[in-house]
Amino acid sequence: MAEVPVHFLAVLAATFTAFVIGGLWYSPLLFGAAWMRAAGLSEAQVNSGNKARIFGLAFVFLLVMALCLERFLAAPGVTLVTGTLYGFLTGFGWLFFATGVITLFEQRPWSYLLVNGGYWVVALTAMGAVLGGWR
């Protein structure tokens, strides 16, 4: 099998896309208040975190995820449509339900799963679209 090169610009674009989606998703504009309630966090607790560490590591973690997804999508014939589908299936089939297992064992409310799991579905779908469309 021929080695398929990594599309580093696509990986960076997918990482940035998921990062921006997360910024919006967890902001007061969308689900920030619902997320804090479901996670049992106060605004003071959220604001007291080391922002550089949190956002820096979140970006690195998303970068690793984008790189792994890019490798899954490196097969010939992957398009914007298939990349989007595979991103959705990864987000929904793996991450949404992995978050669901954690939600059950941590005895969190269903809103915790809907907010956090929902983010992963949207973020991975968008990552898949970027990576699949970057051909």
Side-chain angles (χ1 to χ4, degrees):
M1 184 183 313
E3 180 70 24
V4 177
V6 175
H7 296 107
F8 288 109
L9 288 177
V11 169
L12 285 174
T15 302
F16 185 73
T17 299
F19 191 78
V20 169
I21 289 169
L24 291 170
W25 193 268
Y26 291 99
S27 76
L29 293 172
L30 293 178
F31 305 109
W35 164 69
M36 285 192 295
R37 274 191 310 277
L41 295 170
S42 69
E43 196 167 330
Q45 287 173 299
V46 171
N47 291 331
S48 71
N50 180 333
K51 299 289 189 243
R53 179 178 174 271
I54 292 167
F55 285 96
L57 285 174
F59 191 86
V60 169
F61 293 171
L62 288 167
L63 180 67
V64 171
M65 293 173 73
L67 182 60
C68 291
L69 186 59
E70 191 274 342
R71 294 289 72 201
F72 281 123
L73 299 178
V78 172
T79 65
L80 171 67
V81 173
T82 55
T84 303
L85 174 64
Y86 296 159
F88 170 78
L89 292 173
T90 301
F92 182 69
W94 292 343
L95 294 174
F96 183 87
F97 288 100
T99 303
V101 171
I102 292 166
T103 300
L104 292 171
F105 280 96
E106 290 183 357
Q107 300 179 32
R108 302 277 184 175
W110 287 108
S111 57
Y112 183 86
L113 171 61
L114 295 175
V115 171
N116 291 309
Y119 164 70
W120 288 120
V121 173
V122 172
L124 267 290
T125 301
M127 285 175 123
V130 169
L131 295 168
W134 198 290
R135 300 287 173 183

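Only heavy atoms go into these numbers, but all of them, side chains included; no hydrogens, no water, no symmetry mates. Predicted, not measured: the structure shown is a model, and the values here were computed from it.
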- prompt: Which word best sums up how the rings of Phe92 and Phe97 line up, parallel for under 30°, tilted for 30 to 60°, or perpendicular for over 60°?
  reply: perpendicular
Which atom of Leu67 lies closest to which atom of Val11, heavy atoms considered: N-CG1, 3.9 Å
- prompt: Considering all heavy atoms of both residues, which atom of Gly83 and which atom of Val78 are nearest to each other, and what is their separation?
  reply: N-CG1, 4.1 Å
field: Chi angles and distances behind the side-chain contact (heavy atoms from CB on, under 4.5 Å) call for Val6, Glu70
entry: CA-CA 7 Å; Val6 175; Glu70 191 274 342; 3.8 Å; yes
query: What's the shortest heavy-atom distance between Leu131 and Ala66, and which atoms?
result: CD1-O, 3.7 Å
task: State the CD-OH distance between Gln107 and Tyr112, to the nearest 0.5 angstrom.
output: 13.0 Å
message: Would you say that more than 12 heavy atoms from the other residues, nucleotides or ligands in this model lie under 6.0 Å from the CZ of Phe19, or not?
response: yes
message: For a side-chain contact (heavy atoms from CB on, under 4.5 Å) check, start with the C-alpha distance between Leu63 and Leu12, then their side-chain angles and the critical distance, and finish with the verdict.
response: CA-CA 7 Å; Leu63 180 67; Leu12 285 174; 3.9 Å; yes
query: Do Val121 and Leu80 belong to the same hydrophobic cluster, where Ile, Leu, Val, Met, Phe, Trp and Tyr are linked whenever their side-chain heavy atoms lie under 4.5 Å apart, directly or via other members?
result: no
message: Could you see if Phe96 belongs to whatever hydrophobic cluster contains Phe61? Use Ile, Leu, Val, Met, Phe, Trp, Tyr and a side-chain cutoff under 4.5 Å.
response: no
query: More than 12 non-hydrogen atoms from neighbouring residues, nucleotides or ligands closer than 6.0 Å to CD on Gln45, yes or no?
result: yes
- line: Rounding to 0.5 Å, atoms OH (Tyr119) and CG (Leu24) come to a distance of 10.5 Å
task: Please report the closest heavy-atom contact between Thr99 and Gly117, naming both atoms and the distance.
output: CG2-N, 4.0 Å
- prompt: Checking side-chain contact (heavy atoms from CB on, under 4.5 Å) for the pair Met127/Thr90: CA distance, chi angles, key distance, verdict?
  reply: CA-CA 10 Å; Met127 285 175 123; Thr90 301; over 6 Å; no
field: CZ (Phe72) with more than 12 external heavy atoms under 6.0 Å
entry: no
statement: CE of Met36 to OG of Ser42, rounded to nearest 0.5 Å, is 8.0 Å
- prompt: Could you state the interatomic distance from CG (Leu62) to CG (Leu57), rounded to the nearest 0.5 Å?
  reply: 11.0 Å
- prompt: Counting N and O atoms only, with roles assigned by atom type, does the side chain of Arg108 sit under 3.5 Å from a partner on the main chain of Ala39, one being a donor and the other an acceptor?
  reply: yes
- request: Answer yes or no: are there more than 12 heavy-atom neighbours, outside Tyr86 itself, under 6.0 Å from its atom OH?
  value: no
task: Would you indicate whether the side-chain heavy atoms of Tyr26 and Leu30 approach each other to under 4.5 Å?
output: no
message: Nearest 0.5 angstrom please: Thr125 OG1 to Leu85 CG, how far?
response: 9.0 Å
message: Nearest 0.5 angstrom please: Leu69 CG to Leu73 CG, how far?
response: 4.5 Å
task: May I ask you to check whether Trp25 and Phe31 place their ring centers less than 6.0 Å from one another?
output: yes
- prompt: Ala13 and Val130: which non-hydrogen atoms are nearest, and at how many Å?
  reply: CB-CG1, 3.9 Å
- request: Would you please test Met65 and Leu124 for side-chain contact (heavy atoms from CB on, under 4.5 Å) and show each step?
  value: CA-CA 9 Å; Met65 293 173 73; Leu124 267 290; 3.9 Å; yes
query: Which heavy atom of Pro109 sits nearest a heavy atom of Ala38, and at what distance?
result: CD-O, 3.6 Å
message: Is there a path of hydrophobic side-chain contacts, each under 4.5 Å between heavy atoms, that joins Val20 and Phe55?
response: yes
